[in-house]
Protein chains: 2
Amino acid sequence: MAMPSSSRPSRDVLHNLATQLRIDSVRSTSAAGSGHPTTCLSAADIVAALFFAEMRFDPADPQHPEADRFVLSKGHAAPILYAAWAAAGAFPRDEVLKLRTIGSDLEGHPTPRLPFVDVATGSLGQGLPAAIGIALNARRIESDYRTYALLGDGECAEGSVWEAAEVAAHERLDNLCAIVDVNGLGQSRATQYEHDTDSFVRRFEAFGWWARSIDGHDMGQILAALDEARNVSGRPALIAARTLKGKGLAAIEGKPGWHGKALKKGEETDKAIAELEAQYVKTTDPPAAIRKPARRRAESAPADFVADMPAPSWALGDKVATREAFGPGLVALGGMDRRIVALDADVKNSTFSEAFEKFYPDRFIQSFIAEQAMVGVAMGLASRGAIPFPSTFACFLERASDFIRMAGISSLGVKLAGSHAGVSIGEDGPSQMALEDLAMARGVPNCTVLYPSDAVSAYRLVAAAAATPGPVYIRLGRPKTPVIYPSGETFPIGGSKTLRETSSDVVTVVAAGVTLFEALAAHDVLAKENVGIRVIDAYSVQPIDGATLVAAGRATGGRIITVEDHYAHGGLGDAVSEAVWDQAFRVKRLAVREIPRSGQPEELLERFGISSRAIVDAVRELLG
Amino acid sequence: MAMPSSSRPSRDVLHNLATQLRIDSVRSTSAAGSGHPTTCLSAADIVAALFFAEMRFDPADPQHPEADRFVLSKGHAAPILYAAWAAAGAFPRDEVLKLRTIGSDLEGHPTPRLPFVDVATGSLGQGLPAAIGIALNARRIESDYRTYALLGDGECAEGSVWEAAEVAAHERLDNLCAIVDVNGLGQSRATQYEHDTDSFVRRFEAFGWWARSIDGHDMGQILAALDEARNVSGRPALIAARTLKGKGLAAIEGKPGWHGKALKKGEETDKAIAELEAQYVKTTDPPAAIRKPARRRAESAPADFVADMPAPSWALGDKVATREAFGPGLVALGGMDRRIVALDADVKNSTFSEAFEKFYPDRFIQSFIAEQAMVGVAMGLASRGAIPFPSTFACFLERASDFIRMAGISSLGVKLAGSHAGVSIGEDGPSQMALEDLAMARGVPNCTVLYPSDAVSAYRLVAAAAATPGPVYIRLGRPKTPVIYPSGETFPIGGSKTLRETSSDVVTVVAAGVTLFEALAAHDVLAKENVGIRVIDAYSVQPIDGATLVAAGRATGGRIITVEDHYAHGGLGDAVSEAVWDQAFRVKRLAVREIPRSGQPEELLERFGISSRAIVDAVRELLG
């Protein structure tokens with residue numbers, strides 16, 4: 001719980017701290033020669049109140065599990081975040097002068113390279129969803145810590161803010177307080193609401209929040225609003241704070257044209273700092289004393305997910321869709337470790353995450369049809385030690401593409417699962433077919449990308465995802481496919497399975513998911529003609545098993561065919577091609593190369609050139 | 001303008017039409033064996049009222065520029081859309097029995113393969129932004145047509161709906177009417193608001209809309225609300241209609257568990273149709289007569305953008321960022337053709353689209369920080385003949401990734417421009433660096449992807465984008481680069497420029513954007529050592545100039561190096577690699593391979609392996 005108002009520092013002390021934050025925001029951005037000082041100045045009183053009169057935290061142990069959390073959703077105000085942690089004693093004040101230099105972790109926008117940052121911000125509209133995940137984590141670990149998020153007014157145009165607003169209200173998150181810094185100025189012009197703080201109150205109230213409008217430079221009003229917010233029950237709280245961009249510098253405050261501009265080194269900066277220093281007030285009040293959380297509780301030992309996973313019950317030859325294996329995989333993990341959380345966007349009966357909800361309803365989060373919120377909440381959860389599995393149709397994960405990008409920047413252990421990959425979904429048509437999801441996931445350089453073809457590998461790879469640090473993406477299919485692996489088979493990350501191999505193979509065919517069965521069928525057709533092809537299941541698309549691919553390519557005359565139910569760009573074909581780049585092989589990519597349409601799955605595999613027949617033709621072309 | 005209420009058909013006639021739409025929705029989905037009949041049944045009365053009592057359109061000429069527009073945002077209700085157009089006479093009623101078959105354009109979700117569909121839907125939350133673009137187009141062509149969008153209640157959880165709500169209110173779009181079909185049931189469970197239609201009214205009102213709650217099965221209330229909505233001034237209108245999913249089938253209506261399920265062929269379907277047929281009422285009222293728009297006006301001849309573009313004023317050697325050339329390019333196009341529209345997400349002073357706003361403020365649309373809305377509005381505009389250029393930082397275009405995917409499915413001429421590509425932006429850090437945008441754009445198979453390196457090519461490629469059908473993405477850089485092309489140079493789509501070439505070249509280096517200058521610098525370093533490298537500017541990344549690349553590779557011993565300010569996946573390297581796949585070349589990709597950080601641009605090019613030094617090293621490695 002936050003600081004009781006009785007032990008708060010005086011308003012004079014808080015005002016002086018706000019002034020110090022303003023000064024350091026100007027000093028650091030001027031030293032860097034770039035950055036956003038004016039957006040820091042509007043927020044200084046709010047940040048001073050939060051850090052020195054409201055929050056419970058330990059500057060020497062910012063990741064303490066019981067500490068209140070602060071998410072700077074308006075990430076371009078990074079300098080004031082750094083100034084606040086410096087003022088709290090986390091590092092020496094003059095470190096802020098290294099802002100934005102390559103040798104410092106005080107980057108232009110905050111990232112978790114810094115121990116006091118939970119999630120990277122700077123892509124606006126992501127802080128509130130993450131803060132909701134952080135607030136939900138308090139429930140998971142049964143802590144009374146509170147979560148605070150500071151938003152810009154301009155960023156409230158982002159739909160993700162309203163997705164988040166819905167989720168927070170639905171979850172009745174009264175341990176969450178969002179503050180909007182309504183300085184009325186965007187980057188290039190006034191925001192659409194300028195200083196109409198009531199418009200924020202109306203909108204958040206309509207979404208089910210408690211909300212209040214204040215003067216964001218009146219310390220008394222700030223503290224009173226934080227008090228009220230803390231006492232709201234059953235609803236999240238929103239404070240819309242009217243502020244001036246550049247507050248404290250008379251020539252700049254409230255003026256357009258100052259977004260993202262550092263003051264010039266020398267006279268301009270010196271005068272500004274002198275102007276701010278003159279705003280210190282004399283006081284003999286006791287200095288601010290930060291209230292620290294209690295001692296850390298002992299944590300339970302984490303599970304060894306891969307080793308402890310119970311064997312699945314499917315037998316070889318059973319017909320089971322990989323998406324059908326996802327639910328049982330999640331349930332098995334959930335039983336092993338309370339860190340496992342599942343999130344859904346109203347397709348739990350298609351992804352089979354509903355199995356997890358039945359067993360662990362308290363760790364199942366329904367975002368409804370709001371994929372950005374789902375992934376953003378998962379990012380917040382992951383930042384606090386949970387292992388979240390958000391899942392939906394793979395194509396709709398692309399709705400959260402920018403969140404996934406930022407999850408990569410934060411190196412967060414978000415375990416994404418996308419079902420209904422490719423044209424093999426059939427009749428629903430192109431809007432429901434993910435054909436660029438491998439490219440999206442591979443575009444996050446620290447993201448592990450898994451693409452199982454049968455139920456056993458899908459089930460085992462769900463465990464591998466939980467055990468692997470950082471973001472993971474699991475691609476799941478709609479059609480039932482035969483079980484081809486024994487229930488005890490292991491699937492190391494970065495590995496592959498060579499399913500067909502003779503010493504006289506002339507072409508290597510690399511596949512994953514539904515196309516693996518097309519490759520196996522092509523193998524049988526060609527075998528009758530005494531043409532041997534090596535068939536490799538590339539279930540780990542990133543990292544990919546380069547050594548096996550190189551060896552197979554060498555053994556088969558440098559001829560490789562990749563086949564994937566995905567567009568030709570950024571997927572399996574490109575992954576294989578790059579893995580063997582220095583071998584001077586020929587890598588022919590079979591993939592979907594035009595916008596597909598509705599039809600039966602088999603018709604579509606055939607029409608878009610990824611069927612067994614297409615593979616047979618490609619083998620002949622490479623040989624001929 | 002829509003139909004005057006005096007000439008409307010009687011309620012009995014409309015009821016019978018709604019019943020026919022219900023019957024055809026059941027017939028078609030049962031024939032297909034899949035689809036979403038119950039979501040059609042909830043909307044039937046609303047759709048009947050819109051098509052036969054409200055809208056002005058011509059079934060024989062659905063693309064008539066003066067026709068009212070209907071966007072089925074809840075695209076999974078496609079069968080009722082098809083039934084309505086059949087009932088209006090656009091095609092024979094029994095065609096609906098071909099639903100979802102590979103030979104029919106009546107796909108599982110609507111696409112513009114059908115002449116009466118403007119934008120593909122099926123990814124929820126996209127119809128309203130598109131409808132706003134369509135409504136804004138009425139202003140552009142000075143037409144009084146009205147735009148109607150039918151949304152599901154569940155899809156209102158999508159943030160894009162609220163981004164759109166903001167834009168529509170800001171634009172005071174009183175020619176737009178959105179109807180939410182509040183059937184209370186999502187796919188897997190009840191929606192969070194169930195039948196609380198007032199919650200929709202409250203939220204839209206808070207966003208500045210006129211809004212009203214009705215019984216969506218009471219034809220009198222539907223017609224009255226449409227009348228009221230038509231008379232609203234200065235605000236968009238929202239009708240929240242309480243409905244029952246499966247309405248008309250007693251055993252199903254209002255029951256969960258029926259989402260996306262066709263009735264079984266045979267008895268189940270036959271009984272349902274009999275039950276619906278029994279709901280026809282006897283009437284001697286005159287049948288519905290569709291009111292058609294007036295004769296088409298003559299259209300002005302389109303400009304020849306590429307040929308007519310005035311020459312830019314930059315001289316060789318001038319230092320100009322490619323983003324700085326974007327604004328003048330837009331302005332030149334805007335002067336040629338009124339179809340050109342620019343859209344911004346509050347970064348017009350960084351992308352330089354503000355130049356267009358100064359000249360053509362009536363064709364400049366500010367979405368504020370709402371990239372999904374910006375791209376969605378552009379999709380709507382493009383569907384009605386405009387040539388929209390939405391632009392923002394390239395990384396934030398990824399926020400609209402799923403919209404861009406759907407723009408591809410619709411083959412819409414949305415001309416996206418993304419600035420601040422890559423680590424070369426410097427100090428702002430990774431959240432502001434687009435490093436996966438080429439992969440995103442290339443993942444749309446019909447998207448042209450352009451990546452100019454200097455101001456002249458950027459300016460010329462803006463014209464090429466306007467002239468090229470379908471979606472286009474232009475990647476723009478932040479740093480100033482020297483002008484290397486004469487102002488009259490031409491840049492055909494699918495072309496490239498070979499900038500350094502001798503008969504003794506030993507390696508081909510393919511670059512674009514800022515890395516082209518690193519390649520030129522590497523060339524000069526190696527030339528001093530008598531090592532010749534061929535340098536190719538691959539300004540057209542998709543389609544890429546395969547013939548030139550193959551010839552260059554052959555001339556340089558099969559050695560190719562690609563270098564891009566982008567992650568290694570899905571970008572220039574993969575494009576080049578695939579273009580030469582059958583040549584058994586070695587294609588070494590220099591690209592960013594880890595999450596970058598803040599620093600100076602040159603420091604970052606060096607640190608992440610895409611500097612001239614890295615190229616020199618790679619050349620030496622390839623030469624062994």
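Labels below follow one simple rule: chain letters A, B, ... track the order of the sequence lines, proteins then strands, and each chain is numbered from 1. Heavy atoms only: backbone and side chains are in, while hydrogens, waters and symmetry mates are out.
- The shortest distance between side-chain heavy atoms of A:Glu371 and B:Glu158 falls below 4.5 Å.
- For a residue to count as touching a neighbouring chain, one of its non-hydrogen atoms must lie under 4.5 Å from one of that chain's; by this rule B:Met406 touches chain A with the side chain only.
- Residue with the most contacts toward chain B among A:His76, A:Gln583, A:Arg202, A:Arg405: A:Arg405 (heavy-atom pairs, distance under 4.5 Å).
- Heavy atoms of B:Glu436 lying under 4.5 Å from chain A belong exclusively to its side chain.
- Using a 4.5 Å cut-off between heavy atoms, A:Val587 touches chain B through its backbone atoms (N, CA, C, O) alone.
- Looking at B:Ile369 and A:Gln187, their side chains never come closer than 4.5 Å, going by heavy atoms from C-beta outward.
- A donor-acceptor pair shorter than 3.5 Å cannot be found between the side chains of B:Ser104 and A:Arg597.
- Only the backbone of A:Pro596 comes within contact range of chain B, judged by heavy atoms closer than 4.5 Å.
- Atom CZ of B:Arg113 sits about 8.0 Å away from atom CD1 of A:Ile595, to the nearest 0.5 Å.
- Of the two parts of B:Ala190, only the backbone, made up of N, CA, C and O, holds a non-hydrogen atom closer than 4.5 Å to a non-hydrogen atom of chain A.
- Taking NE2 of B:His569 as the start and CZ of A:Arg442 as the end, the distance is 4.5 Å to the nearest 0.5 Å.
- Residue A:Thr101 touches chain B through its backbone alone, counting heavy-atom pairs closer than 4.5 Å.
- Contact of B:Phe403 with chain A is made through the side chain alone, with heavy-atom distances under 4.5 Å.
- For the set B:Ala373, B:Pro430, B:Ser199, the count of heavy-atom pairs under 4.5 angstrom toward chain A peaks at B:Pro430.
- Among the candidates A:Val592, A:Asp574, A:Asp346, the residue making the largest number of heavy-atom pairs closer than 4.5 Å to chain B is A:Asp346.
- With respect to B:Arg593 and A:Glu578, a salt bridge is recorded, a charged nitrogen being found less than 4.0 Å from a carboxylate O.
- For the set B:Gly159, B:Gly33, B:Ser160, the entry with the most heavy-atom pairs within less than 4.5 Å of chain A is B:Gly159.
- Here the CG-CG distance, from A:Asp402 to B:Asp402, works out to 13.0 Å after rounding to the nearest 0.5 Å.
- For the pair A:Arg399 and B:Gln126, the minimum side-chain heavy-atom distance is below 4.5 Å.
- Only the side chain of B:His36 has a heavy atom closer than 4.5 Å to any heavy atom of chain A.
- In terms of heavy-atom pairs under 4.5 angstrom with chain B, the leader among A:Gly573, A:Pro445, A:Gly186 is A:Pro445.
- Contact tally against chain A (heavy-atom pairs below 4.5 Å) for B:Gly122, B:Gly599, B:Gly570: the top residue is B:Gly122.
- Only the side chain of B:Leu622 comes within less than 4.5 Å of a heavy atom in chain A; its backbone stays farther off.
- Distance check: B:Arg586 CZ to A:Asp582 CG gives 7.0 Å after rounding to the nearest 0.5 Å.
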Q | Criterion side-chain contact (heavy atoms from CB on, under 4.5 Å) on A:Glu398 and B:Met440, from CA distance to verdict | A | CA-CA 10 Å; A:Glu398 290 166 38; B:Met440 175 182 69; over 6 Å; no

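- Of the two parts of B:Met374, neither the backbone nor the side chain holds a non-hydrogen atom closer than 4.5 Å to a non-hydrogen atom of chain A.
- Between B:His170 and A:Tyr193 there is no side-chain heavy-atom pair separated by less than 4.5 Å.
- Side-chain atoms of B:Ser431 and A:Ser123 form no donor-acceptor pair, as typed in the model, at a separation below 3.5 Å.
- The nearest pair of heavy atoms linking A:Ala157 to B:Phe368 is CB-CB, 4.1 Å.
- Defined by atom type and a distance below 3.5 Å, a donor-acceptor pair is missing between the side-chain atoms of A:Asn349 and B:Ser188.
- Only the side chain of A:Arg607 comes within contact range of chain B, with heavy atoms under 4.5 Å apart.
- Contacts between B:Gln366 and chain A at a heavy-atom distance below 4.5 Å involve the side chain alone, from C-beta outward.
- Taking each heavy atom of A:Gly108 and B:Ser598 in turn, the nearest pair found is N-OG, 2.9 Å.
- Chain B forms the most heavy-atom pairs under 4.5 Å with one residue out of A:Arg189, A:Gln372, A:Glu155, and that residue is A:Arg189.
- If you tally non-hydrogen atom pairs under 4.5 Å between each of B:Gly75, B:Ser34, B:Ser350, B:Gly35 and chain A, the highest count goes to B:Ser350.
- Both the backbone and the side chain of B:Asp105 have a heavy atom closer than 4.5 Å to some heavy atom of chain A.
- Between A:Phe207 atom CZ and B:Trp162 atom CH2 the span is 4.5 Å, to the nearest 0.5 Å.
- Two residues are said to be in side-chain contact when any heavy atoms from C-beta on lie closer than 4.5 Å; B:Ser367 and A:Gln192 fail this criterion.
- Taken from CD in B:Gln432 to NE2 in A:His109, the straight-line distance is 3.5 Å, to the nearest 0.5 Å.
- Residues B:Asn446 and A:Glu594 are not in side-chain contact: their nearest non-hydrogen atoms beyond the backbone lie 4.5 Å or more apart.
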